[in-house]
Student: 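Have a look at the structure that comes next, please.
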2 protein chains.
Amino acid sequence: MSNQDCEPLPEGLTAEKAAELSTMFKALGDPVRLRLLSMIASRPGGEVCVCELTPAFDLSQPTISHHLKLLRQAGLVGSERRGTWVYYRLRPETTARMAAALSCVNDRHAVTA
Amino acid sequence: MSNQDCEPLPEGLTAEKAAELSTMFKALGDPVRLRLLSMIASRPGGEVCVCELTPAFDLSQPTISHHLKLLRQAGLVGSERRGTWVYYRLRPETTARMAAALSCVNDRHAVTA
DNA sequence: AGCCAGTATTGACGTATGTCGAACCAGGAC
DNA sequence: GTCCTGGTTCGACATACGTCAATACTGGCT
């Protein structure tokens, strides 16, 4: 993505855009959720069953479920039930938006080179 | 950055890396801090005086100072005092690291196309 | 020195967040 | 139908977070 995606922004992000973006960043502001997203994304098939995610942590299963819910509400992942199991999948549009926002910041700083 | 920057990660980020990265994401998980970073970055000169940042918000001066401190502790900005005023500057290495992490997530998903 | 403007720190407050156990829901197997 | 397994939701708890007013610090000016 080029810095053409950046808005004019004479004084930075609008309050509305900042509020929207900050919810996505907040969702990744927890080590457990960051690892969850990483584990989900690192599957080439793009889908991971909750039963594979839970045992990777020293946390109760409800806690993992809660973190997955937050990731879903932030638009970072989607979930689908198939039979007994629930599968989570990455939403690449959202991570792409976050990466684009960060690139804007760096482009504007003009130290990208 | 290409997906060569991604680690082998058979099962996602390590707990240590996740903890380190999550503090950066958490720092941007607040709309005020996101706007602050955006305002700092959008200065071509790369420096903004605190006295220019504070009046842009309906918040007390100590609150803005607190948010700037968090941004600094997360490695996202640096500060320098010159005379009476304190100037904040972007640390592009940190935002670049965050963008790289997000790109890894998308690359691994193989839906980047 | 003494004062003043710009920042940072402190202490307190209410709210949000992460975690758990317990209870609840969904589907498959019997 | 009754179980059992995999997940979510509920309620409670301790901690962390965002905010403020008050205070302290810093450096220039007179």
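Quick note on labels: first sequence line is chain A, next is B, and so on, each numbered from 1. No hydrogens, no waters, no symmetry mates; every other heavy atom, side chains included, goes into these values.
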Student: In whole Å, I'd like the distance from the CH2 atom of B:W85 to the C1' atom of C:dA8.
Tutor: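 It is 17 Å, rounded to the nearest whole Å.
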
Student: When rounded to the nearest 0.5 angstrom, what distance separates CZ in A:R97 from CG in A:L102?
Tutor: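 A:R97 CZ to A:L102 CG: 12.0 Å, rounded to 0.5 Å.
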
Student: Are A:L70 and A:Q73 side-chain neighbours, meaning at least one heavy-atom pair lies under 4.5 Å?
Tutor: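 Yes, their side chains come closer than 4.5 Å.
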
Student: Let me check something: any side-chain donor-acceptor pairs from residues 21-36 of chain A under 3.5 Å, sequence neighbours excluded? List them with distances.
Tutor:
from  : atom 1 : to    : atom 2 : distance (Å)
A:S22 : OG     : A:A18 : O      : 3.1
A:S22 : OG     : A:A19 : O      : 2.9
A:T23 : OG1    : A:E20 : O      : 2.7
A:D30 : OD1    : A:V32 : N      : 2.8
A:D30 : OD1    : A:R33 : N      : 3.3
A:R33 : NE     : A:A27 : O      : 2.6
A:R33 : NH1    : A:H67 : ND1    : 3.0
A:R33 : NH2    : A:K26 : O      : 3.4

Student: Roughly how many Å is it from CZ in A:R82 to P in C:dA26, rounded to a whole number?
Tutor: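 That distance rounds to 19 Å.
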
Student: OP1 or OP2 of C:dA8 less than 4.0 angstrom from a side-chain nitrogen or oxygen of B:Y88, does that happen here?
Tutor: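 For C:dA8, OP1 or OP2 has a side-chain N or O of B:Y88 closer than 4.0 Å.
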
Student: Can you tell me how far apart CZ (A:R72) and OG (A:S65) are? Round to the nearest 0.5 Å.
Tutor: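 The CZ atom of A:R72 sits 7.5 Å away from the OG atom of A:S65.
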
Student: Roughly how far, to the nearest 0.5 Å, is the CG atom of B:L76 from the OG1 atom of B:T94?
Tutor: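 So the gap between those two atoms works out to 5.5 Å.
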
Student: Do any N or O atoms from the side chain of A:T54 and from the backbone of A:C51 form a donor-acceptor pair under 3.5 angstrom?
Tutor: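 Side chain of A:T54 to backbone of A:C51, a donor-acceptor pair under 3.5 Å: no, none is there.
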
Student: Do any N or O atoms of the protein come closer than 3.5 Å to N or O atoms of nucleotides 18-25 of chain C, and which pairs are they?
Tutor:
from   : atom 1 : to    : atom 2 : distance (Å)
C:dG18 : OP1    : A:R33 : NH1    : 3.3
C:dG18 : OP1    : A:R33 : NH2    : 2.9
C:dG18 : OP2    : A:R33 : NH1    : 3.2
C:dT19 : OP2    : A:H67 : NE2    : 2.4
C:dC20 : OP2    : A:S60 : N      : 2.8
C:dC20 : OP2    : A:S60 : OG     : 3.0
C:dC20 : OP2    : A:T63 : OG1    : 2.8

Student: Are A:L13 and B:L37 close enough that some pair of their side-chain heavy atoms sits under 4.5 Å apart?
Tutor: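 Counting from C-beta outward, A:L13 and B:L37 never come under 4.5 Å.
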
Student: Quick check for you: to the nearest 0.5 Å, what is the distance between A:E52 atom CD and A:M39 atom CE?
Tutor: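 So the gap between those two atoms works out to 8.0 Å.
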
Student: Please identify the 5'-most and 3'-most nucleotides of DNA chain D with any atom under 4.0 angstrom from a heavy atom of chain B.
Tutor: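 It runs D:dC17 to D:dG28.
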
